[in-house]
S.K.: 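If you scroll down you'll find the structure; I have some questions about it.
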Amino acid sequence: MHSQSLPPELFTFSCYAGPDAGKTLVLTPHHRLLLGSGGQSSYQLADPYVADQHLHLFFDGSRLHFRTIDNQYVRLNSAPVMTGEMDVGTDSLQIGSSLWRLAKPSPPHTSDSHFGEPYQRFSTFANVEQLDNDFSLKTIFSRIGEKRSDDDIENAFTVGTRDTTPPLASIAATWPQPWLFGRIASASLLVFWGLYIGVAQFNNIIVIPGLLFIGAFAVPFACLIFFWEMNAPQNVSLYQTVKLLFTGGILSILISLLFFSNVSFLSSWLGASSAGIVEESGKLLTVLALMRNKRKYPWILNGLLFGAAVGTGFAAFESAGYAFVALLEYGSIDVALANIVARGIMAPFAHIIWTAITAAAVWRLKGFGPFRWELLQEKSFIRLFVLVMFMHMLWNADFGLALPIFGIEFKHILIGLLGWTIVLSLVQEGLNQIKKAQKDGGRTLVTY
């Protein structure tokens, strides 16, 4: 049966990806179910890779136990098994080619989240987890103001290598408390201000290229360091991140330009909003082209970081280009600086998080298994990808209400906040993925 407004004491077993996506079973404690594609099953599945009688389910009131029939296999968190049990929210069971999870619905018309019913509806629409009650922005950013020595900063950079990546059992699967990004932002803005003095006070045009370059990268790179610090597995080095920033940035621009040259009808039809389709496709293809077969990076948080790196490169190169065009058209460094400052302020709300979301949407489906292009046909990915394209299209649409600060649009702030809501939900899913791997002793990793 399909659940609409379920009592809070009931648990559900729901398919969130694959041919059976959208199907939901309401579980009754101590009642056994038979799942399969045949008519004798308690609940009939449409997945073509499911046998007539595929597996038994038994819910004990808190955990879901399963056992396959006739040596059929299912995959528990990507590991092939014939029997096992599932916990609420953290486990994923693949039956045929469909992915299922055990969940406990929230009471209807109430919400424990910090943002109330509108947030609950948005999370459901985006197909992401609602943030738990222990989520706190104040706690996440509580270490920014702490005093740090040079040794502290140097040690913070030396993670992600073969010798410094922590083992699974040592990963802190709690909300990270990033602080290094604040130091990077402060240092970048200080350099930017120094170069600006060179132009404004001494009329030295030699420093203009450096001023535009630093201005284009200052805020986006600091935002990327935030994603790097949020990567709780600490298995991606800063070198790999910066390499992906530059290679991914230029490759995503070239792919997008190639797309624009072959789908000019989109621009004539949608105008600037066509970038939402073209550029998001180009950036995601770049992430997949460069990172999809890197088997040592299986975590959702890895995908989030890879998308942020490519998005950062794209955003910074684009901002430098717009500032340069403004300098040529108006012949004024002030106009170019106003352009680059406005784009710098809004950088964390646009390209960076958009690509992070779409890449994480792929990585949460891929898990510890190899990447397959069929994953891009899954509803859970398509929904997030289309949502990101739509946000990008609205961002570029020719309407809005400008605020009195650098001409920033109110709609941009709203779109950015919705984007960050999805990002934080994906971070939470990534932390839950780590907790599950630690709980089962890394069997999913060994199997992979």
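Keep in mind that the numbers below use all heavy atoms, side chains included, and drop hydrogens, waters and symmetry copies.
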S.K.: For the pair K147 and D152, find out whether any cationic side-chain nitrogen is under 4.0 Å from an anionic carboxylate oxygen.
M.R.: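 No.
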
S.K.: For a side-chain hydrogen bond (donor to acceptor under 3.5 Å, both in side chains) check, start with the C-alpha distance between Y16 and S92, then their side-chain angles and the critical distance, and finish with the verdict.
M.R.: CA-CA 10 Å; Y16 63 92; S92 174; 2.8 Å; yes

S.K.: Below 30° counts as parallel, above 60° as perpendicular, anything between as tilted: where do the rings of F317 and F246 land?
M.R.: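 Taking F246 first and then F317, their aromatic rings sit tilted (interplane angle of 30° to 60°).
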
S.K.: Would you call R63-D60 a salt bridge at under 4.0 Å N-O?
M.R.: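 Between D60 and R63 there is no salt bridge, as every charged N stays at least 4.0 Å from the carboxylate O atoms.
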
S.K.: Between Q438 and I171, does the side chain to side chain contact (heavy atoms under 4.5 Å, CB included) criterion hold? Intermediate values first, please.
M.R.: CA-CA 9 Å; Q438 292 174 331; I171 297 176; 3.7 Å; yes

S.K.: Using only atom types and a distance under 3.5 Å, with no angle test, would you say the side chain of N339 pairs donor to acceptor with the backbone of V335?
M.R.: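 No, N339 side chain to V335 backbone: no donor-acceptor pair under 3.5 Å.
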
S.K.: Would you name the heavy atoms of I434 and A173 that are closest together and state the gap between them?
M.R.: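 Closest approach of I434 to A173, heavy atoms only: CG2-CB, 3.8 Å.
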
S.K.: Determine, using ring centers only, whether F385 and F381 are less than 6.0 Å apart.
M.R.: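 Yes, the ring of F381 comes within the 6.0 Å limit of the ring of F385, centre to centre.
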
S.K.: Return yes when atom CZ of F399 has more than 12 non-hydrogen atoms of other residues, nucleotides or ligands closer than 6.0 Å, and no otherwise.
M.R.: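 Correct, the count exceeds 12.
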
S.K.: To the nearest 0.5 angstrom, please state how far the SG atom of C15 sits from the CD1 atom of I95.
M.R.: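 Between C15 SG and I95 CD1, I get 8.0 Å after rounding to 0.5 Å.
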
S.K.: Might you confirm whether atom CZ of F260 has over 12 heavy atoms from other residues, nucleotides or ligands at distances under 6.0 Å?
M.R.: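 Yes, enclosed.
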
S.K.: Looking at F324, I want to see if its CZ is surrounded by more than 12 non-hydrogen atoms of other residues, nucleotides or ligands under 6.0 Å.
M.R.: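 No - once you tally the heavy atoms of other residues, nucleotides and ligands closer than 6.0 Å, there are 12 at most.
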
S.K.: Just how far is it from atom CD1 of I153 to atom CZ of R148, taken to the nearest 0.5 Å?
M.R.: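 One finds 8.5 Å between CD1 of I153 and CZ of R148.
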
S.K.: Using the test ring-ring contact (aromatic ring centres under 6.0 Å, His included), find all partners of F192 that sit at least two apart in sequence or belong to another chain.
M.R.: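 Residues passing ring-ring contact (aromatic ring centres under 6.0 Å, His included) with F192: none at all.
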
S.K.: How close do T12 and S14 get, heavy atom to heavy atom, and via which atoms?
M.R.: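 Taking T12 first and S14 second, the nearest heavy atoms are OG1-OG, 3.6 Å.
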
S.K.: Are F410 and W395 close enough that their ring centres sit under 6.0 Å apart?
M.R.: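 No; W395 has its ring centre 6.0 Å or more from that of F410.
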
S.K.: Could you tell me if the side chain of S274 sits less than 4.5 Å from the side chain of M393, heavy atoms only?
M.R.: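 Of all side-chain heavy-atom pairs linking S274 with M393, none is under 4.5 Å.
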
S.K.: Measure the OG-CG distance between S123 and L131 for me, rounded to the nearest 0.5 Å.
M.R.: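 Separation between the atoms: 7.0 Å.
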
S.K.: Let's go through E279 and E318 carefully: what are the C-alpha distance in whole Å and the side-chain angles of both, what is the deciding distance for side chain to side chain contact (heavy atoms under 4.5 Å, CB included) to 0.1 Å, and is it a yes or a no?
M.R.: CA-CA 11 Å; E279 293 177 358; E318 188 180 56; 3.7 Å; yes

S.K.: Testing the 3.5 Å rule here: is there a donor-acceptor pair between the side chains of T161 and Y239?
M.R.: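 Their side chains do not contain a donor-acceptor pair, so the 3.5 Å distance test is not met.
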
S.K.: If every non-hydrogen atom of I340 is compared with every non-hydrogen atom of A216, which pair is closest and at what distance?
M.R.: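 Taking every non-hydrogen atom into account, CD1-N, 3.4 Å.
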
S.K.: Ignoring hydrogens and angles, tell me if any N or O in the side chain of Q94 forms a donor-acceptor pair with the backbone of L76 under 3.5 Å.
M.R.: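 No; zero donor-acceptor contacts below 3.5 Å.
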
S.K.: Under 6.0 Å from the OH atom of Y322, do we count more than 12 heavy atoms belonging to anything else shown?
M.R.: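 No, because the 6.0 Å sphere around OH of Y322 holds 12 heavy atoms or fewer from other groups.
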
S.K.: Is there side-chain contact between P178 and M230, with heavy atoms separated by less than 4.5 Å?
M.R.: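 SC-SC contact between P178 and M230 confirmed.
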
S.K.: List for me each residue that meets ring-ring contact (aromatic ring centres under 6.0 Å, His included) alongside W269, sequence neighbours excluded, and say none if there are none.
M.R.: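 Checked W269 against ring-ring contact (aromatic ring centres under 6.0 Å, His included); zero matches.
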
S.K.: Any non-hydrogen side-chain atom of H412 less than 4.5 Å from a side-chain atom of F349?
M.R.: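 Not touching, per the 4.5 Å side-chain cut-off.
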
S.K.: Is there a side chain to side chain contact (heavy atoms under 4.5 Å, CB included) between F59 and H65 once you walk through the steps?
M.R.: CA-CA 6 Å; F59 182 58; H65 305 262; over 6 Å; no

S.K.: Below 30° counts as parallel, above 60° as perpendicular, anything between as tilted: where do the rings of W100 and F13 land?
M.R.: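 The rings of W100 and F13 lie parallel, inter-plane angle below 30°.
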
S.K.: Under a 3.5 Å distance rule, please check whether Q428 uses its side chain to pair with a backbone N or O of E129 as donor and acceptor.
M.R.: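 Absent.
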
S.K.: Applying the salt bridge (charged side-chain N to carboxylate O under 4.0 Å, His left out) test to D91, which of K436, K435, R75 qualifies?
M.R.: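 Exactly one pass, corresponding to K436.
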
S.K.: Would you give the length of the straight line joining atom CG of L376 to atom CG of L288, rounded to the nearest 0.5 angstrom?
M.R.: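 Interatomic distance, L376 CG to L288 CG, rounded to 0.5 Å: 6.0 Å.
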
S.K.: Does either side chain, that of N77 or that of Q433, offer a donor lying less than 3.5 Å from an acceptor on the other one?
M.R.: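 On atom types as modelled, these side chains do not qualify, holding no pair under 3.5 Å.
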
S.K.: For K283 and T355, which I'm curious about, is there any donor-acceptor pair between the side chains at under 3.5 Å?
M.R.: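 Indeed, the side chains of K283 and T355 share at least one donor-acceptor pair under 3.5 Å.
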
S.K.: Give the intermediate values and the outcome of side chain to side chain contact (heavy atoms under 4.5 Å, CB included) for residues Q240 and F306.
M.R.: CA-CA 10 Å; Q240 293 291 344; F306 297 152; over 6 Å; no

S.K.: By ring-ring contact (aromatic ring centres under 6.0 Å, His included), which residues pair with F314, not counting sequence neighbours?
M.R.: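 Result, ring-ring contact (aromatic ring centres under 6.0 Å, His included) vs F314: H351.
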
S.K.: Would you list the pairs meeting side chain to side chain donor-acceptor pair (under 3.5 Å) in which at least one residue belongs to residues 300-315, sequence neighbours left out?
M.R.: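 Of all non-adjacent pairs touching residues 300-315, those that pass side chain to side chain donor-acceptor pair (under 3.5 Å) are N231-N302, N235-N302.
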
S.K.: Is any side-chain heavy atom of L305 closer than 4.5 Å to one of L224?
M.R.: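 L224 vs L305: side chains touch.
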
S.K.: Which distance, rounded to the nearest 0.5 Å, do you find between the CD1 of I415 and the CZ of F390?
M.R.: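 So the CD1 of I415 and the CZ of F390 are separated by 8.5 Å.
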
S.K.: Donor-acceptor pair, T164 side chain versus G160 backbone, under 3.5 Å?
M.R.: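 Confirmed, T164 side chain pairs with G160 backbone.
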
S.K.: What's the shortest heavy-atom distance between K366 and P298, and which atoms?
M.R.: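 Looking at all heavy atoms of both residues, the closest pair is NZ-CA, 4.2 Å.
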
S.K.: Walk me through whether E280 and T358 qualify under side-chain hydrogen bond (donor to acceptor under 3.5 Å, both in side chains).
M.R.: CA-CA 8 Å; E280 295 311 319; T358 55; 5.0 Å; no

S.K.: Are any side-chain N or O atoms of W299 and backbone N or O atoms of W363, one a donor and one an acceptor, separated by less than 3.5 Å?
M.R.: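 Side chain of W299 to backbone of W363: no pair is present.
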
S.K.: Heavy atoms only: give me the nearest L365-L375 pair and the separation to one decimal.
M.R.: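 L365 and L375 have their closest heavy atoms at CD1-O, 3.6 Å.
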
S.K.: Could you measure the distance from the CG atom of N432 to the CD1 atom of I300? Nearest 0.5 Å is fine.
M.R.: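 The CG atom of N432 sits 8.5 Å away from the CD1 atom of I300.
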
S.K.: Of all the heavy-atom pairs spanning E429 and N127, show the shortest one and how long it is.
M.R.: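 In this case the closest contact between E429 and N127 is OE2-O, 4.5 Å.
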
S.K.: Looking only at side chains, do T165 and Q234 share a donor and an acceptor under 3.5 Å apart?
M.R.: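 The answer is no; no qualifying pair exists.
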
S.K.: Within the structure provided, determine whether L251 and I255 are in side-chain contact (heavy-atom separation under 4.5 Å).
M.R.: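 They are in contact (side-chain heavy atoms under 4.5 Å apart), so the answer is yes.
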
S.K.: Which residues pass the ring-ring contact (aromatic ring centres under 6.0 Å, His included) test with F141, not counting sequence neighbours?
M.R.: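 Checked F141 against ring-ring contact (aromatic ring centres under 6.0 Å, His included); matches are F226.
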
S.K.: Look at the rings of W373 and F371 and say which category their plane angle falls in: under 30° parallel, 30 to 60° tilted, over 60° perpendicular.
M.R.: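 The rings of W373 and F371 stand perpendicular, inter-plane angle above 60°.
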
S.K.: Do L301 and F227 come close enough that some side-chain heavy atom pair is under 4.5 Å?
M.R.: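 A side-chain contact is absent here, since even the closest heavy-atom pair is not under 4.5 Å.
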
S.K.: Are any non-hydrogen side-chain atoms of F135 and W175 less than 4.5 angstrom apart?
M.R.: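 F135 vs W175: side chains touch.
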
S.K.: With a 4.5 Å limit on heavy-atom distance, are the side chains of E85 and L64 in contact?
M.R.: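 E85 does not reach L64 side chain to side chain.
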
S.K.: Considering residues at least two apart in sequence or located in another chain, which fulfil the side-chain hydrogen bond (donor to acceptor under 3.5 Å, both in side chains) criterion with S97?
M.R.: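 With neighbours one apart ignored, the set is D47.
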
S.K.: Kindly check if the number of other-residue, nucleotide or ligand heavy atoms within 6.0 Å of CH2 (W420) is above 12?
M.R.: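 Yes, the 6.0 Å shell around CH2 holds more than 12 heavy atoms from other groups.
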
